[in-house]
S.K.: 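Encoded as structure tokens, here's the structure I'll be asking about.
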Amino acid sequence: MRISMDAIRPDALHCPMAKKPTTAAPVTSDKPTDKPRAKKRTATKKPAPATSGNKPAAIAPRDMTPQEIYSFLTDLSQAWPDAKTELLYTTPFTLLVAVVLSAQATDASVNRVTPALFDAAPTPAAMVELGEEEVGKLIRTIGLWRNKAKNVVELSRQLVEDHHGEVPGTREELEKLAGVGRKTANVVLNVAFHKPTVPVDTHVFRLANRSGLGRGKTVEAVEKALEARIPLEMIQPSHHWMILQGRYVCKARKPECWRCNAKNPCLFPDKTPAPRVKAPKTLAE
């Protein structure tokens, strides 16, 4: 008997053991169903102006007024009437070398090595003759002594060849010398040549921002702010007042505001109170 193909059901052409095709999975929406995905926060909370936990604020809420600046610096001048650099030196050249050696080192550690160094090489020509190896032996107790020995000999050679053995009196010429940056140049100009520059080290940077004397995010910004805002007659000596105040009173971890001579005009919002003195224990009779 001849069977017509039209009479055969389409599903009869498949093998009886074959699995029936599964239905397609329902299309899901890209939109969240139960819990929305956490989105990245773009807005951040501003830090509290005064404190964050136990850490004091690093910057004053505003800049000092001219009157506040004058009062603040006058108070510092009374606190440090005989302020001067703590580095040992006798000439502009020995000052320059001492400041180069003091980078990332304490003045006390530099002062322990410079007497012997300057006795062996008091002039640029003598320093070149002494040589990098011998200089290194004399300064090896301070940090980065190898690189500093190289710079000291090289800057001495530059002074001999380009400046007749004399220390130049401009920032541009000083910064061309090996190992001399902006801060070092400003120290030499301020101390050796009595020019109205404000060298900004870590102590000055911290004090200027905390007090409102000259706020800035970078060392150069603070330097420009201080030179623009400090009265001209105070610029040169204020360098020493600020360094000593920052080093011994307005300390990095915890400023000792209770013994600060300039705490009244200072705008630091979270002044540290004096520590409590514990009463001595008495022996029971």
Side-chain angles (χ1 to χ4, degrees), residues 79-171 173-195 197-204 236-249 251-252:
W80 308 101
D82 301 317
K84 60 182 180 179
T85 180
E86 294 183 323
L87 291 171
L88 300 177
Y89 76 98
T90 55
T91 65
F93 171 67
T94 55
L95 173 66
L96 173 61
V97 172
V99 178
V100 169
L101 295 179
S102 69
Q104 300 183 42
T106 64
D107 289 357
S109 67
V110 173
N111 289 339
R112 286 193 288 268
V113 302
T114 49
L117 176 64
F118 296 152
D119 184 60
T123 66
M127 194 71 74
V128 173
E129 185 177 354
L130 186 61
E132 184 179 332
E133 183 177 350
E134 292 302 316
V135 171
K137 291 179 181 179
L138 292 171
I139 67 169
R140 64 187 308 154
T141 58
I142 63 174
L144 306 174
W145 63 272
R146 289 186 179 86
N147 192 51
K148 289 177 180 179
K150 179 180 179 180
N151 285 335
V152 165
V153 173
E154 176 59 19
L155 73 83
S156 299
R157 184 194 63 77
Q158 290 174 292
L159 292 177
V160 171
E161 295 183 358
D162 301 333
H163 302 283
H164 309 287
E166 299 294 330
V167 175
T170 68
R171 182 186 286 117
E173 290 177 309
L174 284 168
E175 288 188 20
K176 292 179 182 178
L177 301 175
V180 178
R182 188 178 184 88
K183 190 206 79 172
T184 298
N186 280 337
V187 171
V188 174
L189 292 173
N190 182 292
V191 177
F193 297 100
H194 307 289
K195 293 189 177 182
T197 61
V198 183
V200 178
D201 66 356
T202 181
H203 303 299
V204 174
Q236 195 270 334
S238 68
H239 159 61
H240 301 295
W241 304 336
M242 290 187 289
I243 283 183
L244 294 177
Q245 186 74 5
R247 181 177 293 165
Y248 298 111
V249 180
K251 299 177 181 180

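Please read all numbers here as calculations on a predicted model, not as lab measurements.
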S.K.: Does some side-chain heavy atom of T184 sit less than 4.5 Å from a side-chain heavy atom of L174?
M.R.: no
S.K.: Test side-chain contact (heavy atoms from CB on, under 4.5 Å) on V167 and F193 and set out the steps.
M.R.: CA-CA 10 Å; V167 175; F193 297 100; 4.3 Å; yes
S.K.: Could you check if a side-chain atom of L96 sits within less than 4.5 angstrom of a side-chain atom of L177, using non-hydrogen atoms only?
M.R.: yes
S.K.: Output yes when a side-chain donor or acceptor of K148 lies under 3.5 Å from a complementary backbone atom of A103, and no otherwise.
M.R.: yes
S.K.: CG/L101 to CD1/I142 distance, rounded to the nearest 0.5 angstrom?
M.R.: 4.5 Å
S.K.: Is the side chain of N190 donor-acceptor paired with the backbone N or O of T197 at a distance under 3.5 Å, no angle test?
M.R.: yes
S.K.: Just wondering, are more than 12 heavy atoms of other shown residues or ligands nearer than 6.0 Å to CD in E175?
M.R.: yes
S.K.: For a 4.5 angstrom cut-off between non-hydrogen side-chain atoms, does E86 reach L244?
M.R.: yes
S.K.: Before you tell me yes or no, could you show the steps for V204 and K183 under side-chain contact (heavy atoms from CB on, under 4.5 Å), namely the whole-Å CA-CA distance, both residues' side-chain angles and the distance that decides it to 0.1 Å?
M.R.: CA-CA 11 Å; V204 174; K183 190 206 79 172; over 6 Å; no
S.K.: Would you compute the distance between atom OG1 of T85 and atom CG of L95 and round it to the nearest 0.5 angstrom?
M.R.: 6.5 Å
S.K.: Distance from Q236 atom CD to L189 atom CG, nearest 0.5 Å?
M.R.: 11.0 Å
S.K.: With rounding to the nearest 0.5 angstrom, report the CD to CD distance, E134 to E132.
M.R.: 11.5 Å
S.K.: Are any side-chain N or O atoms of K195 and backbone N or O atoms of G169, one a donor and one an acceptor, separated by less than 3.5 Å?
M.R.: yes
S.K.: What's the shortest heavy-atom distance between L88 and P115, and which atoms?
M.R.: CD1-CG, 4.4 Å
S.K.: If we check side-chain contact (heavy atoms from CB on, under 4.5 Å) with M127, which of these qualifies: T94, L159, V135, V160?
M.R.: V135
S.K.: Measuring only between side-chain heavy atoms, which start at C-beta, is V191 closer than 4.5 Å to H240?
M.R.: yes
S.K.: Would you indicate whether the side-chain heavy atoms of V97 and T114 approach each other to under 4.5 Å?
M.R.: no
S.K.: In Å, rounded to the nearest 0.5 Å, how long is the span from CD of Q245 to NE2 of H203?
M.R.: 12.0 Å
S.K.: Of the non-hydrogen atoms in P124 and S156, which two are nearest, and what is the gap between them?
M.R.: O-CB, 3.5 Å
S.K.: Give the intermediate values and the outcome of side-chain contact (heavy atoms from CB on, under 4.5 Å) for residues L130 and L138.
M.R.: CA-CA 11 Å; L130 186 61; L138 292 171; 4.1 Å; yes
S.K.: Please check: side-chain N/O of S109 versus main-chain N/O of A105, any donor-acceptor pairing under 3.5 Å?
M.R.: no
S.K.: Test your reading of the model: is there a side-chain donor-acceptor pair from Q158 to the backbone of K176, 3.5 Å cut-off?
M.R.: yes
S.K.: Within the structure provided, determine whether R247 and D107 are in side-chain contact (heavy-atom separation under 4.5 Å).
M.R.: yes
S.K.: Do the charged groups of K150 and E154 touch, with an N to O distance under 4.0 Å?
M.R.: no
S.K.: Do you know which two heavy atoms are closest between F93 and L155, and how far apart they sit?
M.R.: CE1-CD1, 4.3 Å
S.K.: Got Q104 and L144 here, is their nearest side-chain heavy-atom distance under 4.5 Å?
M.R.: yes
